[in-house]
Amino acid sequence: GIKLHPLGPLFTFALFTGVRLGEATGLRWEDVDFENKTARIQVQLQRIDSKLVHKGLKSPTARRTCPLTEQAVDALREAKISQIVGGYENGMNLVFLNPEGWPLDPKYIDKKLKEVLANACLPVMSFHKLRHTAATLMVAGGIPIAQVQKLLGHSQISLTANLYAHADLEAKRRAMDVYEQLFRKED
């Protein structure tokens, strides 16, 4: 399962925060606050001239502090433990590393995520789809769209609303199903 996979902490963290791939792979230990259960999203890891380097985020709204769920905090603790046990040098002070202790390549992550999902007989998706899934669940769970926008670091609320409108439609569909049942009981 995903818990036992070397990238399990990364996948769990992504699902419970909705961060972008580069934001997750670029997360540094100095951006993590275990005591307050937050992670500052300040930079991203990006490939430039065949090297993975830290780069600033596209917009001011992308820079944000994410409150962390217990699952996300546990994922960070697991990543920390594996780095200590591995004895990795980690000159970039990255939270998530590959099993050899190096920065994570996006193509490698997508390949491994698809393998894990296929092995678990779950629908295969890209890492970016984890972000969509997180956002959809946030909206379906009743988190106001303006808060989802801030959590995801979207620059425009229209982007959040357009991308995740189907979650609202599904909630309305369930409500109408309940409404319809009220009339069926009268028959």
### Summary
Rounded to the nearest 0.5 angstrom, the NE2-CG distance for His128 and Leu21 is 10.0 Å
### Query
Which pairs, with at least one residue in residues 52-73 and sequence neighbours excluded, count as a salt bridge (Lys or Arg N to Asp or Glu O under 4.0 Å)?
Glu23-Arg64, Lys37-Glu70
### Task
Could you tell me the separation between the OG1 atom of Thr25 and the CG atom of Leu104, rounded to the nearest 0.5 Å?
6.5 Å
### Query
Any sub-3.5 Å donor-acceptor pair from His54's side-chain atoms to Gly26's backbone N or O?
yes
### Message
Can you list everything that forms a side chain to side chain donor-acceptor pair (under 3.5 Å) with Ser59? Sequence neighbours excluded, please.
### Response
Thr61
### Query
Excluding sequence neighbours, so at least two apart, what forms side chain to side chain donor-acceptor pair (under 3.5 Å) with Ser126?
none
### Query
Got a donor-acceptor contact below 3.5 angstrom from the Thr12 side chain to the Pro9 backbone?
no
### Message
List the residues meeting side-chain contact (heavy atoms from CB on, under 4.5 Å) with Ala14, not counting sequence neighbours, and say none if there are none.
### Response
Phe127, Leu130
### Query
Any sub-3.5 Å donor-acceptor pair from Gln46's side-chain atoms to Leu52's backbone N or O?
no
### Summary
With sequence neighbours left out, the residues meeting side chain to side chain donor-acceptor pair (under 3.5 Å) with Asn36 are Asp33
### Query
Under a single-linkage definition using a 4.5 Å side-chain heavy-atom cutoff for Ile, Leu, Val, Met, Phe, Trp and Tyr, are Phe11 and Val19 assigned to the same hydrophobic cluster?
yes
### Message
Test: salt bridge (Lys or Arg N to Asp or Glu O under 4.0 Å). Region: residues 115-126. Which pairs qualify, not counting sequence neighbours?
### Response
Lys112-Glu115
### Message
Applying side chain to side chain donor-acceptor pair (under 3.5 Å), can you list everything that pairs with Gln147, at least two apart in sequence or on another chain?
### Response
none
### Task
Report the distance from atom CG of Leu151 to atom CD1 of Ile41, rounding to the nearest 0.5 Å.
11.0 Å
### Task
Sort and list the pairs that fulfil ring pair (Phe, Tyr, Trp, His ring centres under 6.0 Å) and have at least one residue in residues 62-81, not counting sequence neighbours.
none
### Task
Can you see which heavy atom on Pro67 is nearest to which on Thr38, and at what distance?
CA-CG2, 4.3 Å
### Query
Heavy-atom distance under 4.5 Å between the side chains of Phe96 and Leu7, does that happen here?
no
### Query
So which pairs with a foot in residues 84-106 pass side-chain hydrogen bond (donor to acceptor under 3.5 Å, both in side chains), sequence neighbours left out?
Glu30-Asn93, Arg47-Asp105, Gln83-Asn90
#### Entry: Side-chain (Arg131) to main-chain (Leu152) donor-acceptor, under 3.5 angstrom
yes
### Task
Sequence neighbours left out, what passes side-chain contact (heavy atoms from CB on, under 4.5 Å) with Val32? Give chain and number order.
Leu27, Trp29, Phe34, Leu76, Val95
### Query
Should Leu15 and Thr133 count as side-chain neighbours, where that means a heavy-atom distance under 4.5 Å?
yes
### Task
Say whether Val53 and Val43 are linked into one hydrophobic cluster, either directly or through other cluster members, by side-chain heavy-atom distances under 4.5 angstrom.
no
#### Entry: Partner set under side-chain contact (heavy atoms from CB on, under 4.5 Å) for Pro99, not counting sequence neighbours
Pro6, Tyr108
### Query
Who pairs with Ile84 by side-chain contact (heavy atoms from CB on, under 4.5 Å), at least two apart in sequence or on another chain?
Lys80
### Message
Here's a test for you: under side chain to side chain contact (heavy atoms under 4.5 Å, CB included), which of Asp74, Leu68, Thr69 qualifies with Phe16?
### Response
Thr69
### Message
Minimum heavy-atom separation for Arg20 and Gly153, please, with both atom names.
### Response
NH2-O, 3.4 Å
### Query
Are Leu45 and Ile48 connected in a single hydrophobic cluster, I mean Ile/Leu/Val/Met/Phe/Trp/Tyr linked by side-chain heavy atoms less than 4.5 Å apart?
no
